[in-house]
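Read through the structure below, which is laid out as structure tokens, and then see the notes.
Numbered from 1 within each chain, the chains take letters A, B, ... in sequence-line order.
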Amino acid sequence: MKYDFLSLEKKWQQKWRDNQTYKVEIDNSRPKYYVLDMFPYPSGAGLHVGHPLGYIASDIYTRYKRLKGFNVLHPMGYDAFGLPAEQYAIQTGQHPAVTTEKNIARYREQLDQIGMSFDWSREVRTCDPKYYKWTQWAFVQMFHAWYDQKENKARPISELIEHFESQGTQDLQAACSEDYHFSSEEWKNLDKTKKEEILQNFRIAYLADTMVNWCPALGTVLANDEVKEGLSVRGGHPVEQKKMKQWCLRISSYAQRLLDDLEQLDWSDSLKEMQKNWIGRSEGAQIFFPVEGSDELKIEVFTTRPDTIFGATFMVVAPESELTQQLITADQRPKVEEYLEKVKTKSERDRMANTKEVSGEFTGSYAINPLNNKKIPIWTADYVLASYGSGAIMAVPGHDDRDWAFAKHFNLPIIEVVQGGNVEQEAYMDKDENAKLVNSEFLNGLTVKEAITKANEEIEKNKLGKATINYRLRDAIFSRQRYWGEPFPIYYKDGVPHTLETKDLPLELPEVDAFLPTETGEPPLGRAKNWKTKDGYELEMSTMPGFAGSSAYYLRYMDPHNNEALVSKEANEYWQDVDLYIGGTEHATGHLIYSRFWNKFLFDLGHTTKDEPFKKLVNQGMIQGRSNFVYRVKGKNTFVSVGLKKDYEVTPIHVDVNIVRNDTLDIEAFKAWREEFKNAEFILEDGKYICGHAIEKMSKSFFNVVNPDQIIEEYGADTFRLYEMFLGPIEQSKPWNTSGIEGTYRFLQKFWKLFYNEDQFLVTDEAATPEELKILHKTLKKVEDDIQNFAFNTAISQFMICVNDLTALKSHKKEILEKLVVALAPFAPHMSEELWEKLGHSQTVTLATYPKVEEKFLIESTFKCPVSVNGKTRVVLELPVDMSKEEIEKTVLAQEKVQKYLEGKQIKKIIIVPKKIVNLVVA
RNA sequence: GCCUCGGUGGUGAAAUUGGUAGACACGUCGGAUUCAAAAUCCGAUGCCCCUAGGGCGUGCGGGUUCAAGUCCCGCCUGAGGCACCA
């Protein structure tokens, strides 16, 4: 009987749906396993062949784990809030909810036809009020929390207030935007507004005036990870710096924990490295430089090289820094103001593009080097960033190349304090172990390492500052001036923000007449009628960013219909955390950091049981497009095959890859493709038109998009799944190329035929021969090892070898085939179900048990042992496994070939590597 | 500039982690079957040389080792990340 994949796959997909085969419940009798895919943003274009790569891999692993007896949670949902739907809405007036709904339906249809085993009863959508109730709830928790650096965790804000009331700021170590010192008395005497103002600086979700990435084209603020090279990641619009009042999350207070806990995670090195860089820890010292002529004014700097303090010949303060204003002297004011104005109008992008260009202005003030009391000028320059460290530096031109360039440009002195380079030529930045300090009083003669320690000691002793750590990671800006996102559960009373109560959540997104900002520049929510609380207080008009909804979705899947809590204790304790998370690297510094932070916060307050959400993470590579080209002869409607194009003057034209097969153009289809090609003529090679090709992003405009639908229609879902995995390791990015899919298709045909003799279903109860058993167990072993290593490509290769072997033996033994069906089930579930049923099982293959590998069939009775004589001659011998060293020597030397080679030569030594190789070293 | 990961046939890729490089698959060539084609099956297929046989081969140049795609040093090159971060 023919392998009729179309009807067979339809039949099983229907059965799985009808029987809710993949629905899971808490089951304390079985171990849990949690496999999660990064949920997709349902775009209007549907899935192309690149998208399901990770989903197929996780589905294979899920099905494998089920067969191994685990209770596997494998859910799917949609990250449904976002910019594209909103922009589409602006253009068409269609409500984003409507388009989103439509897109989701399409995604679901496509996912189903690939044969995914998701538990759809647990589906979540971030735009569903029942879901975003808990996003809002988490935000409320963050509003009412502060970060205790002593206990290194978030705590309820009420406990901070208690602390203030009993002892003011004494003994308090808290993450805070300001440096506060007050007594309990002083606290008690403050009015309500002032108290709230102070508390804002401690809250984990807080409102603050901050420099933000403002994107005028999108009309919204963006987070750091949403900006690349001064352009927005979505759309590529210019981004500028602007001071705005925004909601922020104090993620920086978690910097150290986010860094430390990376170690315990089973993630790829490159991903961990990216997060490390993003967090950007640097050790150094905070030093205060008094300003000449002022008792109060001090310049705080951060430096990683306190050892070079005697080489500081000037100071630089960031132009945007408030300090700058206080430092400008009357006679310098006009010049400095002019400079500040110039900096202000320079966009972030221009600033980045011209990093070589040196600019700055002298403020007129001088600082005193606290270690040698030398007077040094204070400058302002845009190479110092307001947002990092304290926004001011001590410039050591001898040992920092930016300071060096600045000093050279403005003719400032350069002092060498570390020997080893020529500071007149360039800054000497090496931390050579033998380099000694000079011109540095008590540091002279020390190495850099010693000098850093010594300088820090001296600074702390004299209370000039302290050794400290700085992070590049900044607090996350959490407001977006957009419509299609979660509303903030915040209202304002006398300008002071308050949170809604949990019982009043969710705060649903209101209807608006247009999805644009208001005339007065308020976000779209400003258009909503009566955007107020019951008591008439104004509600917050911004919405939350994309990462809000995806930060705790993995917890929601554990208990998606719970209306009382994000997740019940029971469900959380059973499912714990994600054992395997699969998704792309593009989320390395976005979602994967936010999500870890969000989870740690919930953990601190006892809302979840695990400190880290994702134990193991596998990054699937991107599938690129493989575009095809036809070459039109200039000025004619004639197309020349790629091999002959050098003889003509041609223009390459993208041609739809779906009318090209193995680079050969379907000429009739091409003529029908577009009106203008109807009468096209062709110059062929070997009777065929061969197209050129190039690797590009998979995109509609390159006509290189391949949809899974077409492939599945032609070859079936099982072939598609197999082929996607067979393409190469999942972590690797690679272009899609449909030629080659025949290989996996043929494999499934051959597998099917093992169960048939002509048209007759034929499996025998005969006992398997040792040879057959060996083939089976070798395959089981290799496949299982490969699955555990996510090497699905080689697992499939092994199946191919196995089928070839069994076909050659004309083997139809039930004993063998039944086990193979189960082993293949994770890869080709539809075919396996069908064959499993034909083998007489009434239950689905999902409930089968993964066959046990019997090692005894794997042990070879003999092993191949290559003999190498001085690396020149190789003889391969078959030797028994248990042969002794002496016997091996004897056998080797008795070989005719070896004898021949050794004639007249003397053996110097014989090296036997157990079970592997024998080497004879000849004199 | 800094960090990370790669570079193996015509193509996608394997290689038990230092042990016969190129498994498996695509493609190509040859054959069988067929009136013919498709499908299917069998065989060949790293490169070079005149075959027997030999020589060369994992980006390039060195090194360690009986043995290197794998380890070490120095380059070249591709992809990704970070980037006036003090």
Quiz item: So A/Phe799 and A/Phe827, ring pair (Phe, Tyr, Trp, His ring centres under 6.0 Å) or not? Walk me through it.
Solution: CA-CA 10 Å; A/Phe799 274 121; A/Phe827 300 88; 5.6 Å; yes
Practice problem: Report the C-alpha separation of A/Phe314 and A/Phe406 in whole Å, then their side-chain angles, then the decisive distance to 0.1 Å, and conclude whether the ring pair (Phe, Tyr, Trp, His ring centres under 6.0 Å) test is met. | Solution: CA-CA 10 Å; A/Phe314 58 101; A/Phe406 196 81; 5.4 Å; yes
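With P as the reference atom, B/rC3 and B/rG74 are 12 Å apart, rounded to whole Å. Taking atom C1' in both B/rG22 and B/rC76, the straight-line distance is 25 Å, to the nearest Å. Taking atom P in both B/rC48 and B/rA39, the straight-line distance is 30 Å, to the nearest Å. B/rG30 and B/rU17 have their C1' atoms separated by 40 Å, given to the nearest Å. Between the P atoms of B/rU8 and B/rA13, the separation comes to 9 Å (whole Å). Taking atom P on both nucleotides, B/rA23 is separated from B/rC47 by 12 Å, rounded to a whole Å. Annotation: B/rG80 and B/rC71 have their P atoms spaced 24 Å apart (nearest Å). Remark: the separation of the P atoms in B/rU16 and B/rC35 is 50 Å, to the nearest Å.
Contact between the side-chain N/O atoms of A/Arg626 and the OP1/OP2 oxygens of B/rU11 is not found at any separation under 4.0 Å.
The CD atom of A/Gln624 sits 12 Å away from the P atom of B/rG12 (whole-angstrom rounding). Straight-line distance from the CD atom of A/Glu724 to the P atom of B/rA13: 14 Å, rounded to whole Å. In this structure, CZ of A/Arg746 is placed 12 Å from P of B/rA38, rounded to the nearest angstrom. Following rounding to the nearest Å, A/Asn804 (CG) and B/rC24 (P) show an atom-to-atom distance of 8 Å. Between the CZ atom of A/Phe747 and the P atom of B/rA39 there is a distance of 20 Å, rounded to whole Å. As a whole-Å value, the separation of A/Met800 CE from B/rG12 P is 17 Å. We find that NZ of A/Lys778 is positioned 12 Å from C1' of B/rC24, with the value rounded to whole Å. Computed from coordinates, the A/Lys734 NZ to B/rC26 P distance equals 18 Å when rounded to whole Å.
Taking every side-chain heavy atom of A/Met274 into account, B/rG80 is the closest of B/rG80, B/rA25, B/rC26. The nucleotide whose nearest atom lies closest to any side-chain atom of A/Val384 is, among B/rA14, B/rA25, B/rA86, B/rA86. Across B/rC82, B/rA86, B/rA23, the shortest atom-to-atom separation from the side chain of A/Trp278 is found for B/rC82. Considering only the side chain of A/Tyr383, B/rC84 comes nearest among B/rA14, B/rC84, B/rC82.
In secondary-structure terms, RNA chain B builds stems of at least 3 consecutive Watson-Crick or G-U pairs, each pair having both distances under 3.5 Å, at B:1-7 with B:76-82, B:10-12 with B:24-26, B:27-32 with B:40-45, B:46-49 with B:53-56, B:59-63 with B:71-75.
At a threshold of 4.0 angstrom between heavy atoms, the contacts of A/Glu742 with the nucleic acid are absent. Here A/Asp401 lies out of heavy-atom contact (under 4.0 Å) with every strand. Looking at heavy-atom distances under 4.0 Å, A/Lys750 makes contact with sugar-phosphate atoms alone, never a base. Among the heavy atoms of the strands lying under 4.0 Å from A/Ile393 is at least one base atom, whether or not backbone atoms are also near.
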